[in-house]
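Reading through the structure tokens given below for one structure.
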Amino acid sequence: MRVPDDLVAPLPSGLTPWPRDLCERYVERGYWDGRTLGRLLRDLTAAHGRRLALVAGEQRLTYRQLDQRADRMAAGLADLGIRAGDRVLVQLPNTGAFPPLLFALARIGAIAVLTLPAHRLTEIGHLARLSGAVAYVIADQVAGFDYRELADQVTAQAPELRHVLVDGDPGPYTALASVDAEPREFAEPDPADIALLLVSGGTTGVPKLIPRTHNDYGYNARASAEVCELDRDTVYLACLPIAHNFALACPGMLGTLAVGGTVVLSPSPAPDDAFPLIEAEGVTHTALVPPLIPLWIETTAWDQTDLSTLEVLQAGGSKLSAQLARQIPGALGCRVQQVFGMAEGLLNYTRGEDDDEIVATTQGRPMCPDDDLRVVDADGADVAPGEVGELLVRGPYTLRGYYRAPEVNATAFTPDGYYTTGDLVRALPSGHLVVEGRVKDTIDRNGESVSGEEIESHLHAHPLIDRCAAVGVSDGAEGQLICVAMRPPAGAPAPELADVRAFLLERGVAAFKLPDLLVVVDELPLTAIGKIDKRALAAAVAPASTA
Ligand code: OOB
């Protein structure tokens, strides 16, 4: 059935709605419960008021205190003239200001644009203009970087930005602490409209904005908490940036609060910050991107911090190798859960009941029975079961259109509303997915398509390779050469290109997939959330390869 265009055109708010029949189904099946995020916190306070909701530095807030703080901040924001539907750029590290601000904005119906602390003028300037934000909330400084100076530059580029609110020393701007007034009631925003805008994680071009409604994001958090078996005894440590979907709602902060648990904010994912918090607060769950996990494992070799309360380490954001997955229980004393998710929506989780092999070798299966997945070839036709193809998805918490991006939307979605993820996957009969790379990650070598991810998955088994990434670099003509950038384990020598090629041949890899170049690096470039940034890597190794 073709959906009439008038049903899928964006609303004035910038949301591309779901077709009416699906909206009805999502409500009937209880996914969308008609509550705003502000209402959710109100209900949680009624149920768990005296329980500990949040630990951030010295600050310890019960549900009731968090609720009150959100109410006071909402009134303060309204006094500044911030209204329902206004966009507010939020760029805060994992500190106690973030949770009340998020709920305060939801209460007045203003839309948080959740940027990451690592974003700089290129991204923030673009997001300020794209969203037409009226306010920008920052920390004063973090790790030597002064966000007030960034704000000077951003305000010069974004005429609609009227307020800069600073957590800490405000300099020439307004202190966030002064955004505080007697609580009052605000008209409840429409739960079917935008609650927040997430930033797309893609490494191509400038970031896009992803509208998430109260209905769909609340479901995202609640259903994640259920699938991950969280309960009121859960103590979740947010190590990754709290403005990223993973730490925010998968199940993250919102999922933990949704079951009455406690959220602990860590200033960074470094063991120096995270380990003492695990011991002191009895942390049971946390989430990391795979590139961070080896450091956690190495640290346990000499660090005596007691991590015994940790039950589950979630790994997601990029591919976790089976080798690393198998090391985690022994090294960290906890289970591992693979999470294949995206800010655009769809979440896949391995489950508590999955056997060790599934947990080590798949990226989980969809969270919701109404996640509607297809795996297609380059022509958009379904591949045979078990074959690799591009993942397409529709569902109750997957976007129908990026915010204010008609050109992108024309290609990022099929005419019948599937989001084209750009991820190459293989589906097992059990429904579990194995991520095999990105569509655009394939290296075009002598007319053959080679998956960078496939080469990496073999090289992770090499004893002299700690981290690696395979990227295409120009071969000087039409095609590409395969370049592997790698880091040996601490104190070990790097292997030679010939060793690496021999190793791959021995594992049965076809000769046309063997790397042409090997570059030894101290560190691989990382994205704002800590994934290996292949675009930056390809740019960095390009001059070396053409020299
Ligand atoms: C998460 O979200 P984003 O928006 O930063 O990035 C999404 C993309 C996916 O399309 C996929 O390419 C990649 O990151 N990805 C994975 C993966 N998880 C995400 N690739 C391989 N294996 C995985 N387990 O990264 C995100 C959002 C919510 C929860 C977890 C991660």
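Not measured: the values here are computed from a predicted model. Indexing begins at 1, ligand by ligand and atom by atom, following the structure's order. Residues: numbered from 1 along the sequence shown.
The line from CD of Gln338 to CD of Gln314 is 11.0 Å long, rounded to the nearest 0.5 Å. In this structure, OH on Tyr217 lies 9.5 Å from CD1 on Ile210, to the nearest 0.5 angstrom. For the atom pair OG of Ser457 and CD of Glu436, the computed distance is 7.5 Å after rounding to the nearest 0.5 Å.
In this structure, Leu347 counts as a contact residue of ligand 1, since one of its heavy atoms falls inside 4.0 Å of the ligand. Look at Val339 and you'll find a heavy atom under 4.0 Å from some atom of ligand 1.
If you number the atoms of ligand 1 from 1 as listed, the ones under 4.0 Å from a heavy atom of Gln363 come out as 22 (N), 24 (N). Set against the non-hydrogen atoms of Lys531, the atoms of ligand 1 under 4.0 Å away are 1 (C), 3 (P), 5 (O), 6 (O), 7 (C), 8 (C), 14 (O), 25 (O). The Cys250 neighbourhood of ligand 1 comprises atoms 28 (C), with distances under 4.0 Å to a heavy atom of that residue. Close contacts of ligand 1 with Ala343, meaning ligand atoms under 4.0 Å from a residue heavy atom, involve 2 (O), 3 (P), 4 (O). Atoms of ligand 1 found under 4.0 Å from any heavy atom of Arg438, numbered from 1 in the order shown, are 10 (O), 12 (O). Against a heavy-atom cut-off of under 4.0 Å, Asn245 is close to the following atoms of ligand 1: 27 (C), 28 (C).
Using a 4.0 Å cut-off between charged side-chain N and carboxylate O, Arg467 and Glu456 make no salt bridge. Under the 4.0 Å criterion applied to side-chain N and carboxylate O atoms, Glu453 and Arg438 are not assigned as salt-bridge partners.
Considering each of His244, Gln338, Met342, the one bringing a non-hydrogen atom nearest atom 5 (O) of ligand 1 is His244. Of the listed residues (Gly364, Gly437, Gly317), the one carrying the non-hydrogen atom nearest atom 13 (C) of ligand 1 is Gly317.
The aromatic rings of Tyr31 and Tyr26 lie tilted to each other, with the angle between the two planes from 30° to 60°.
Not counting sequence neighbours, Phe103 has no partner by the ring-ring contact (aromatic ring centres under 6.0 Å, His included) test.
Note: an N/O pair closer than 3.5 Å links Asp423 and ligand 1 by distance alone. Residue Leu320 places no N or O, backbone or side chain, under 3.5 Å from any N or O of ligand 1. Polar contact check, Thr421 against ligand 1: no nitrogen or oxygen pair lies under 3.5 Å apart.
At distances below 3.5 Å, at least one donor-acceptor pair connects side-chain atoms of Asp371 with backbone N or O atoms of Cys368.
For Asp356, the CG atom sits in a loose shell: 12 or fewer heavy atoms of surrounding residues, nucleotides or ligands are nearer than 6.0 Å.
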